[in-house]
Amino acid sequence: MRTIDIKELETADYDILENIKAAFYRLWKSKLIVVIATLFGLLASLVYINMVGVHTTYYSSAKIYSVTYGSLQDSTTGVQVMNIYADLLNTAGVCNRAVEYLGDAGYSAKELQNMVNSGQVYLHGYSSDSKKYGYSLTLVATSSDATYVMEIANAMSKAFADEINDLLGTKTVQVLNEARGISTMKSINVKLYILLFCAAAFVLSAGIIFIKEFFSSKVYTIGQCEQDEGRILGLIPESRR
């Protein structure tokens, strides 16, 4: 069995280091290719974003809670009922009440029910598990049109509170914080996609060049020349012409 002595190991390590240095040297010389590839990545990201499209969703929210003044039992019951019966949100009773609160907004109870069923209007923070009851629920209304999204959040939260109170025969459940503003959410993060496409193009182009030059049989640095000077026949001087 052939054994490799320390000298051979050192020579092999030295050759690898020199190839790495040469690959980085050639990569720097080819930086224009990397820049062009990165610009193509930028162009590809813009084309992709244009094809997919950027959609803006508007949303607004209101908080519903069970009041603590008066009977503690009533308040506890209110918490229990508004968690267990959160599904009442899409009922005709709640949606009809909301239509009355919306006034001339032009929404029907059926349209509001469809918004609840499609997830455009929903309650956040409730649980059917008594150990995880939400003591305040957040009603969120979302829409691609910002015109009435805040009004819908307020109308639906009030209507839901009224429906629960009718079940309890009290005024325990109330709207803690009405919706007072509109927030926006983009379907895709434009800056993130541009960054990802450019980074991918940069890494891919630089990686291909580095690997190609690392395994190249060509010699670019003095250190890549044969270490055993006795095996060197001669040196060809570098000429710029």
Side-chain angles (χ1 to χ4, degrees), residues 1-61 117-120 122 124-125 127 132 138 140-146 149 181-241:
M1 181 177 177
R2 181 177 177 272
T3 59
I4 302 177
D5 59 23
I6 299 300
K7 183 65 177 177
E8 286 180 294
L9 289 173
E10 290 177 349
T11 301
D13 291 342
Y14 181 83
D15 289 342
I16 292 174
L17 290 174
E18 286 301 323
N19 284 345
I20 292 174
K21 287 167 60 178
F24 275 117
Y25 169 76
R26 292 301 301 168
L27 177 59
W28 176 251
K29 286 293 184 180
S30 306
K31 58 184 177 292
L32 182 60
I33 297 175
V34 178
V35 171
I36 293 173
T38 304
L39 291 176
F40 270 109
L42 172 62
L43 180 62
S45 69
L46 296 177
V47 171
Y48 175 80
I49 291 168
N50 185 62
M51 289 175 60
V52 173
V54 182
H55 306 289
T56 303
T57 300
Y58 302 92
Y59 65 94
S60 190
S61 60
N117 293 331
S118 64
Q120 290 179 277
Y122 60 93
H124 175 73
S127 174
K132 300 178 182 178
T138 302
V140 183
T142 66
S143 176
S144 57
D145 183 4
V149 67
I182 300 173
S183 300
T184 59
M185 180 174 58
K186 302 288 185 182
S187 57
I188 61 174
N189 189 323
V190 175
K191 292 181 180 178
L192 178 61
Y193 271 81
I194 291 175
L195 180 62
L196 288 176
F197 272 78
C198 290
F202 176 86
V203 171
L204 184 62
S205 59
I208 290 173
I209 293 172
F210 181 87
I211 293 173
K212 175 179 175 293
E213 298 299 341
F214 180 82
F215 291 104
S216 174
S217 58
K218 295 181 180 180
V219 174
Y220 296 105
T221 67
I222 296 175
Q224 285 182 296
C225 294
E226 178 62 54
Q227 293 188 71
D228 187 353
E229 295 181 359
R231 299 176 64 180
I232 299 176
L233 298 179
L235 296 174
I236 301 175
E238 180 182 8
S239 175
R240 297 187 180 276
R241 292 181 298 174

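The two residues His55 and Val52 have their closest heavy-atom pair at NE2-O, 3.8 Å. Ser127 and Lys132 make their closest contact through CB-O, 3.3 Å (heavy atoms, listed as atom of the first residue, atom of the second, distance). Across Ser30 and Ile209, no two heavy atoms sit closer than the pair CB-CD1, 3.9 Å. In terms of heavy-atom proximity, Ser61 sits nearest to Thr138 at CB-CG2, 3.7 Å. The two residues Phe210 and Ile20 have their closest heavy-atom pair at CE1-O, 4.0 Å. Closest heavy-atom contact between Gly181 and Ser60: O-OG, 2.7 Å.
Residue pairs meeting the ring-ring contact (aromatic ring centres under 6.0 Å, His included) criterion with at least one member in residues 30-51, sequence neighbours excluded: Tyr48-Tyr193, Tyr48-Phe197.
If you take CD1 on Ile208 and CG on Leu27, they are separated by 11.5 Å, rounding to the nearest 0.5 Å. To the nearest 0.5 Å, atom CD1 of residue Ile49 and atom NZ of residue Lys191 are 12.0 Å apart. For the atom pair Ile182 CD1 and Thr142 OG1, the distance stands at 12.0 Å (nearest 0.5 Å). A distance of 11.0 Å separates CG of Leu42 from CG of Leu195, quoted to the nearest 0.5 Å. Rounded to the nearest 0.5 angstrom, Thr56 OG1 and Lys186 NZ are separated by 3.0 Å.
Taking 4.5 Å as the limit, every side-chain heavy atom of Tyr58 sits out of range of all side-chain heavy atoms of Ser143.
With sequence neighbours excluded, the residues that form a side-chain contact (heavy atoms from CB on, under 4.5 Å) with Ile211 are Phe215.
A distance-only check finds a donor-acceptor pair linking the side chain of Ser205 to the backbone of Phe202 [under 3.5 Å].
The local environment of NZ in Lys29 is sparse, with at most 12 non-hydrogen atoms from other residues, nucleotides or ligands closer than 6.0 Å.
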